[in-house]
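Working notes for the structure below.
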Amino acid sequence: MRLRVEWIALAVCASLSALVALGGNGYQQQIVFSTALFVVLAYGWNVISGLTGYLSFGQIAFFGLGAYVAVGAILVLKLPWYAAAVVAPLAAVCVAIPLGSVMLRLQGVFFTLGMFGLGRIGDIVASSVSGGAMGTSIPEVATPRESASVMIVLALGAIVFTHLLINSKLGLRFMAIRDDEPAARAAGVPTGRIKVTAFAISAALAALCGVMYVWNVGYLDPTSAFSGTTELQVVLMVLVGGIGSMWGPLFGAVLIALLGQVLWARFPLEEQVILGSITVLMAVAMPGGISAILQARGKLTRRAVWSPPPDARSIDVPTRIRTVADGDPVLVCEALVKRFGGVAAVDGVDLRIARGEVVGIIGPNGAGKSTLFDLITGFAAPSAGRVLFANVPIGRQTPDAIARRGIARTFQTSRLFATLSVWETVLLAASSVNAARGAAIAEARRILAQVGLLDVWSRLPEALPPGKQRLLEIARALALRPDVLLLDEAMAGMTADEIAQVHAALRFAVGNGCAVVAIEHVLPAIATIADRVYVLDFGTVIAEGPPQRVFSDPIVLDAYIGVGTSVLDEVAAGAR
Ligand code: ADP
Ligand code: MG
């Protein structure tokens, strides 16, 4: 593998820093230490806020926690500092798992505010426990040379770790959650667990920095352990460098840390004001940070995870074990009801879908079709009634668990991942149901070839025409190798060629026993391949049967009056 220029540059910078750490004076060594410390803090913050998209203003709480655990470990347990450097991140992980499970239910600004409060709480608790704002000293203190050297190694570790993370299944899942959390769930990503993992990694890195801080200064007080200024600095560094990117945290941390040193030396009083102003200006002038500017020029662009797709023509993909016998219903809805306030969007719907069946669901706008899909896939909880999959009630399973078990869906309004390539989008879903990397890759490649998206595998969704974007959503659903595939107006806006491609892919899936349920609002593009059709109106099934019979049913014609009977003519034409 060719070593890319950024890694060579990194090695050079690290070597220079190491020379300073080993041979410089105490002041220079401190600058190296604090810069490297900020690099690790920035990469830690980037995991939860950049890669996973949960903006936290409270990661400093874990820095403080790590610092206090280190002091406790050194003073009370008489551990050496390096043992504290293991214990403190572990403690942070133990706190982060339950805490994250609660906090990460909060969305957007509520999570941000909640985390901000946590940092403040840490300060207050530490003050009261350790006896006021007074600090504590520890006996074992690093020489500037020691702490700077160790910190450089840790910073390099954080960079390499992030590189590995961004190129892993876990990193792909983080980015999918950041881009569109419901879509990630529909692709089978256990978002709850994955978000907590990101939170815990982030916390561990912050705690490690807390330990290093204590070891470096040999002293700890609540204000510096839970410093809001440090938190803000880290956030600004990542924003300036490029949030969510591989190299942004490094650029931002080094730039702002060194700039801060220069400003502090020359304008000690105005340093914060100048730094703040520069940051505001940079945020306005270049929203994506330094990384975005470089990426716009084609530099440092992220390589797709587990890419390129393999070449192999015929790939052996294990087929899913049959969940039900032929002829048995794979999906059953019993008297399903969903009320929104006083409105019953779905009002007692019974549905029976057999293995390998293709079923159309039609009905006027607002008939409750999409809500029905939300109920089946766990995105909404029924007010009454139940859904059975392979004869087992799905109960209150999460949407991602339902997706992994075998009910895949698309959304009426497009939900794609803005920063994931075509390949990664399909791979994400394939890796939810294939534990082995090779199997996931093979499955993703096969599906892309099948729907005709292989030649655009490296593109981002925005670079695709609308029809191909819809095709990609279908491909993502198919990659779960579902027993039931729910399509919500998936073929609206597609060209005839694209529809033919979808039909071919559906026939293949149906051949493997997958049942397809397709909502079509205007022209039921599914009519030509549908075995049966359900007609929904005001949340109830008003007709059901083979397309020809349903489309000549007077009740159905009645429901469509006002929508335009030409629609039905088209349907009937399609069915013939
Ligand atoms: P369709 O997909 O058949 O066009 P929907 O299932 O989207 O219909 O909507 C059915 C009815 O439920 C509509 O009247 C809609 O306004 C209402 N509805 C759907 N989702 C919600 C919601 N989250 N809150 C309140 N009302 C909703
Ligand atoms: Mg709808």
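The figures here come from the full heavy-atom set of this structure, side chains too, leaving out hydrogens, waters and symmetry mates. Just follow the structure's listing: the first ligand is 1, and inside any ligand the first atom is 1.
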Does even one non-hydrogen atom of N365 get within less than 4.0 Å of ligand 1? yes
So is G366 close enough to ligand 1, meaning a heavy atom under 4.0 angstrom away? yes
Does an N or O from F340, backbone or side chain, lie closer than 3.5 Å to an N or O of ligand 1? no
Hey, is ligand 1 close enough to A367 that some N/O pair sits below 3.5 Å?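 N/O-N/O distance below 3.5 Å exists for this pair.
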Euclidean distance, L428 CG relative to D179 CG, rounded to 0.5 Å: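 Going from the CG atom of D179 to the CG atom of L428 covers 10.0 Å.
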Q397 side, atom CD; R405 side, atom CZ - distance, nearest 0.5 Å: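 The CD atom of Q397 sits 5.0 Å away from the CZ atom of R405.
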Under 4.0 Å between a side-chain nitrogen and a carboxylate oxygen: does that hold for E181 and K195?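 Here E181 pairs with K195 in a salt bridge, since their nearest N and O are under 4.0 Å apart.
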Under 2.8 Å from the Mg ion (ligand 2), which protein atoms of type N, O or S occur, listed by chain and number?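 N, O, S partners closer than 2.8 Å: S370 OG, Q412 OE1.
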Could you check L420, V422, T425 and say which one makes a side-chain contact (heavy atoms from CB on, under 4.5 Å) with R476?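 With R476 as partner, side-chain contact (heavy atoms from CB on, under 4.5 Å) holds for just one option, T425.
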Atom 9 (O) of ligand 1 - nearest protein heavy atom and its distance: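 Ranking protein heavy atoms by distance from atom 9 (O) of ligand 1, first comes T371 OG1, 3.7 Å.
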Using protein heavy atoms only, decide if any is under 4.0 Å from atom 16 (O) of ligand 1. no
Protein heavy atom under 4.0 angstrom of atom 11 (C) of ligand 1, is there one? yes
If you take all heavy atoms of C333 and V387, which pair is closest and at what distance? SG-CG2, 4.4 Å
Contact summary for A304 and S421, nearest pair of heavy atoms: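 Shortest heavy-atom separation between A304 and S421 comes out as CB-OG, 3.8 Å.
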Side-chain (R445) to main-chain (P310) donor-acceptor, under 3.5 angstrom: yes
Between F411 and F379, does the ring pair (Phe, Tyr, Trp, His ring centres under 6.0 Å) criterion hold? Intermediate values first, please. CA-CA 11 Å; F411 295 91; F379 279 90; 5.5 Å; yes
If we number the atoms of ligand 1 from 1 as shown, the ones under 4.0 Å from a heavy atom of A345 are 10 (C), 11 (C), 12 (O)
The one among G368, S370, A344 that brings a heavy atom closest to atom 7 (O) of ligand 1: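 Going through G368, S370, A344 one by one, S370 has the nearest heavy atom to atom 7 (O) of ligand 1.
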Do W457 and L453 have side-chain heavy atoms sitting under 4.5 Å apart? no
Parallel under 30°, tilted from 30 to 60°, perpendicular over 60°: which one fits the rings of F199 and F111?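 Aromatic pair F199/F111 classed perpendicular.
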